[in-house]
Amino acid sequence: MSVKLKPLADRVLIEPAPAETTTASGIIIPDTAQEKPQKGKVVAVGAGTKENPITVKVGNTVLYGKYAGTELKLEGKTYLIMRENDLLGILE
């Protein structure tokens, strides 16, 4: 996947995972009640700074806070851009 945006400094661009549409027991969750996903895939990273080098890589699945980042639309898709410091961890 190639995105035409290069984050600056210690920022990362994340493609959020799709929201859950059904519960574990099979109940369908309407759009208005779906929780914002708190994980996603890193699709682009900045070069980092001397104080904050980038440690995540493109393709990593990461966790972030519920209200972290700034939402933006590129090429018809929704992404989040945030500082790497806003990430909580990498899922392995």
Side-chain angles (χ1 to χ4, degrees):
M1 166 192 228
S2 176
V3 177
K4 295 177 183 172
L5 176 75
K6 175 72 174 165
L8 297 176
D10 61 339
R11 290 177 178 81
V12 295
L13 186 67
I14 296 171
E15 181 179 357
E20 295 291 324
T21 56
T22 58
T23 64
S25 60
I27 297 172
I28 296 173
I29 304 169
D31 289 345
T32 54
Q34 290 176 4
E35 295 241 354
K36 274 178 66 175
Q38 291 178 266
K39 73 176 182 178
K41 185 163 61 166
V42 176
V43 293
V45 297
T49 64
K50 189 183 280 188
E51 299 83 25
N52 296 308
I54 294 291
T55 57
V56 297
K57 298 180 177 90
V58 171
N60 284 151
T61 299
V62 294
L63 296 175
Y64 48 86
K66 193 171 203 168
Y67 302 106
T70 301
E71 196 173 276
L72 59 109
K73 292 202 184 287
L74 284 174
E75 301 165 6
K77 292 184 96 175
T78 301
Y79 296 93
L80 287 172
I81 191 163
M82 65 185 73
R83 292 190 180 277
E84 189 186 51
N85 289 357
D86 293 336
L87 298 177
L88 303 175
I90 302 170
L91 289 173
E92 295 183 353

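Bear in mind the structure is a predicted one, so any value in this text is a computation, not a measurement.
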Next on the checklist: My understanding is that only residues two or more places apart in sequence, or in another chain, count here; which of them pass side chain to side chain donor-acceptor pair (under 3.5 Å) with Lys50?
Outcome noted: none
Item to check | Distance (rounded to the nearest 0.5 Å) between Leu80 CG and Asp86 CG | outcome: 10.5 Å
Next on the checklist: Taking transitive links into account, so neighbours of neighbours count too, which hydrophobic residues share a cluster with Leu91 at under 4.5 Å side-chain distance?
Outcome noted: Leu63, Leu88
Item to check | Results of side chain to side chain donor-acceptor pair (under 3.5 Å) for Ser25 - residues two or more places apart only | outcome: Thr23
Checklist entry - Got a sec, which residues hit side chain to side chain donor-acceptor pair (under 3.5 Å) with Thr49, two or more places apart in sequence or on another chain? => result none
Can I get a per-line list of side-chain donor-acceptor pairs under 3.5 Å for residues 5-14, giving both atom names and the distance, sequence neighbours left out?
{"unit_1": "Lys6", "atom_1": "NZ", "unit_2": "Val45", "atom_2": "O", "d": "2.9"}
{"unit_1": "Asp10", "atom_1": "OD1", "unit_2": "Arg83", "atom_2": "NH1", "d": "2.5"}

Item to check | Minimum-distance pair of heavy atoms, taken over all atoms of Tyr79 and Pro16 | outcome: CA-CD, 4.0 Å
Item to check | salt bridge (charged side-chain N to carboxylate O under 4.0 Å, His left out) pairs, two or more places apart, involving residues 53-71 | outcome: Glu35-Lys66
Next on the checklist: Tell me every residue that passes side chain to side chain donor-acceptor pair (under 3.5 Å) with Lys73, counting only those two or more places apart in sequence or in another chain.
Outcome noted: Thr78
Next on the checklist: Taking the side chain as everything from C-beta on, heavy atoms only, tell me whether Glu84 gets closer than 4.5 Å to Val56.
Outcome noted: yes
Item to check | Point-to-point distance, once rounded to the nearest 0.5 Å, from NZ of Lys39 to OG1 of Thr61 | outcome: 7.0 Å
